[in-house]
Colleague: 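So that we are looking at the same thing, I have put the structure below in structure tokens.
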Amino acid sequence: MRCIFCEIIEGTISSKKIFENDELIAFHDIKPIDKVHFLITPKKHIENLIACSETDKETIANMLLLAPKLAKELGLNGFRIMINSGAEGGQEVFHMHFHVYGGSSKLVKI
Ligand code: 5GP
Ligand code: ZN
């Protein structure tokens with residue numbers, strides 16, 4: 001299974017990369033919804049949280065723990081994480097990713 005994010009991971013589609021290790025990659029969203037908006041995604045093609053199992057829990061934890069580190073490096077003192085999961089959850093790219101964004105003073109509270 002290959003998708004647009006697999007191509008970003010392989011480097012066939014370019015991106016503004018922030019971080020990469022053996023397991024994860026992070027890059028700026030092409031259509032930012034905030035001053036800073038980046039995506040953290042596993043290199044392994046997993047569709048979404050719905051498709052995750054026990055074997056993915058370390059990856060999910062590593063994704064969450066990476067968010068504050070990268071947010072700080074990008075100058076954010078706080079951020080939000082959004083995980084669109086499934087078409088009914090607004091997901092458009094079916095390769096699991098966590099949106100990390102922040103920087104605006106006027107955030108819509110939910
Ligand atoms: P989803 O709706 O699946 O949670 O979010 C997909 C996100 O991927 C969107 O915010 C969209 O702007 C971003 N995106 C889609 N295609 C590309 C691309 O080619 N490069 C980058 N950097 N972001 C993309
Ligand atoms: Zn993929």
Side-chain angles (χ1 to χ4, degrees):
M1 181 68 197
R2 283 177 87 253
C3 71
I4 190 167
F5 283 4
C6 283
E7 294 195 32
I8 285 176
I9 291 156
E10 288 162 12
T12 44
I13 293 178
S14 63
S15 67
K16 284 165 74 183
K17 208 185 296 176
I18 302 164
F19 173 89
E20 182 171 14
N21 66 11
D22 287 347
E23 183 184 40
L24 307 177
I25 187 168
F27 53 91
H28 289 280
D29 196 294
I30 205 165
K31 280 193 207 157
I33 60 165
D34 210 328
K35 278 186 185 160
V36 175
H37 179 184
F38 61 91
L39 306 173
I40 299 177
T41 189
K43 288 188 169 176
K44 177 184 160 192
H45 182 95
I46 308 169
E47 266 201 356
N48 51 35
L49 267 186
I50 303 159
C52 281
S53 61
E54 284 289 309
T55 55
D56 301 309
K57 71 183 175 189
E58 203 174 308
T59 300
I60 294 166
N62 289 338
M63 290 170 76
L64 285 173
L65 290 169
L66 184 58
K69 289 185 193 155
L70 298 182
K72 193 175 176 193
E73 279 176 28
L74 293 168
L76 293 179
N77 296 311
F79 58 86
R80 282 181 173 179
I81 290 182
M82 179 171 66
I83 312 169
N84 297 330
S85 308
E88 289 184 19
Q91 187 177 8
E92 289 180 357
V93 177
F94 282 77
H95 182 133
M96 182 167 72
H97 52 279
F98 294 178
H99 294 257
V100 185
Y101 59 97
S104 298
S105 52
K106 290 177 187 163
L107 279 175
V108 177
K109 296 288 174 202
I110 51 166

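Just so you know, ligand 1 is whichever comes first in the structure, and atom 1 is the first atom listed for that ligand.
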Colleague: Please report which non-hydrogen protein atom sits nearest to atom 15 (C) of ligand 1, along with the residue it belongs to and the distance in Å to one decimal place.
Modeller: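 Scanning the protein heavy atoms, the shortest distance from atom 15 (C) of ligand 1 goes to Val93 CG2, 4.2 Å.
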
Colleague: Ring centroids only, cut at 6.0 angstrom: are Phe79 and Phe38 within range, meaning strictly under it?
Modeller: no

Colleague: Looking only at heavy atoms of His99, does any of them come nearer than 4.0 Å to an atom of ligand 1?
Modeller: yes

Colleague: Among the N/O/S atoms of His95, which is closest to the Zn ion (ligand 2)? Give the atom name.
Modeller: ND1

Colleague: How close do Tyr101 and Met82 get, counting heavy atoms only, and between which atoms?
Modeller: CE2-CB, 3.9 Å

Colleague: Please find the pair of heavy atoms, one from Lys43 and one from Asn21, that lie closest to each other, and give the distance.
Modeller: NZ-O, 2.8 Å

Colleague: Among all protein heavy atoms, pick the one closest to atom 22 (N) of ligand 1 and tell me residue, atom and distance.
Modeller: His28 O, 2.9 Å

Colleague: Looking at ligand 1, does Phe94 have a heavy atom less than 4.0 Å from it?
Modeller: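 Distance cut 4.0 Å: Phe94 fails for ligand 1.
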
Colleague: Does this structure show an ion pair linking Arg80 with Asp34, if we count only N-O contacts that are shorter than 4.0 Å?
Modeller: no

Colleague: What residue and atom, counting heavy atoms only, is the protein's closest point to atom 8 (O) of ligand 1, and at what distance?
Modeller: Phe5 CZ, 3.5 Å

Colleague: Run the ring pair (Phe, Tyr, Trp, His ring centres under 6.0 Å) test on His99 and His97 for me, step by step, so that the C-alpha distance in whole Å, both residues' side-chain angles and the decisive distance to 0.1 Å come before the verdict.
Modeller: CA-CA 6 Å; His99 294 257; His97 52 279; 5.0 Å; yes

Colleague: State, to the nearest 10 degrees, the angle whose vertex is the Zn ion (ligand 2) and whose arms point to SG of Cys3 and SG of Cys6.
Modeller: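 My answer is 120°, to the nearest 10°.
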
Colleague: Taking the side chain as every heavy atom from C-beta outward, state whether Val100 and Leu70 have any pair of such atoms under 4.5 Å apart.
Modeller: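 Side-chain contact under 4.5 Å: no.
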
Colleague: If I apply the N/O under 3.5 Å rule, does Glu92 come out as touching ligand 1?
Modeller: yes

Colleague: When rounded to the nearest 0.5 angstrom, what is the spacing between CE in Met63 and CG in Leu39?
Modeller: 9.5 Å

Colleague: Between Glu92 and Asn84 (side chain of the first, backbone of the second, donor and acceptor by atom type, cut-off under 3.5 Å), is there such a pair?
Modeller: no

Colleague: Give the contacting part of His97 toward ligand 1: side chain, backbone, both or neither, where contact means a heavy-atom distance below 4.0 Å.
Modeller: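 Side chain only.
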
Colleague: Give the residue and atom name of whichever protein heavy atom lies nearest to atom 7 (C) of ligand 1, and the separation in Å to one decimal.
Modeller: Asp29 OD2, 3.5 Å

Colleague: Specify the protein heavy atom at minimum distance from atom 18 (C) of ligand 1: its residue, its atom name, and the distance to 0.1 Å.
Modeller: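 The answer is Ile8 CD1, 3.9 Å.
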
Colleague: Which atom name does His45 have for its N/O/S atom nearest to the Zn ion (ligand 2)?
Modeller: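 The closest N, O or S atom of His45 to the Zn ion (ligand 2) is ND1.
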
Colleague: Indicate yes or no: at least one non-hydrogen side-chain atom of Glu7 is less than 4.5 angstrom from one of Arg2.
Modeller: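 Glu7 reaches Arg2 side chain to side chain.
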
Colleague: Considering non-hydrogen atoms of the protein only, which is the closest contact for atom 23 (N) of ligand 1, and what is the distance?
Modeller: Ile30 N, 3.3 Å

Colleague: So do the side chains of Asp56 and Met96 get within less than 4.5 Å of each other, counting heavy atoms only?
Modeller: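 No - every pair of side-chain heavy atoms lies 4.5 Å or more apart.
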
Colleague: Which heavy atom of the protein is the closest neighbour of atom 16 (N) of ligand 1, given with residue, atom name and distance?
Modeller: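 Residue, atom and distance for the closest contact: Ile4 CD1, 3.9 Å.
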
Colleague: Would you please determine whether Gly90 falls within less than 4.0 Å of ligand 1 on a heavy-atom basis?
Modeller: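 A heavy atom of Gly90 does come that close to ligand 1.
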
Colleague: Would Met82 count as a contact residue for ligand 1, given that I'm defining contact as a non-hydrogen atom of the residue lying under 4.0 Å from a ligand atom?
Modeller: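 In this structure, Met82 fails to qualify as a contact of ligand 1 - no heavy atom is under 4.0 Å.
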
Colleague: Can you tell me which portion of Ile33 lies within the under-4.0 Å heavy-atom range of ligand 1? Options are side chain, backbone, both, or neither.
Modeller: neither

Colleague: Which residue, Ile46, Asn48, Ile4, forms the side-chain contact (heavy atoms from CB on, under 4.5 Å) with Phe94?
Modeller: Asn48

Colleague: With a 4.0 Å cut-off on heavy atoms, is Ile83 touching ligand 1?
Modeller: no

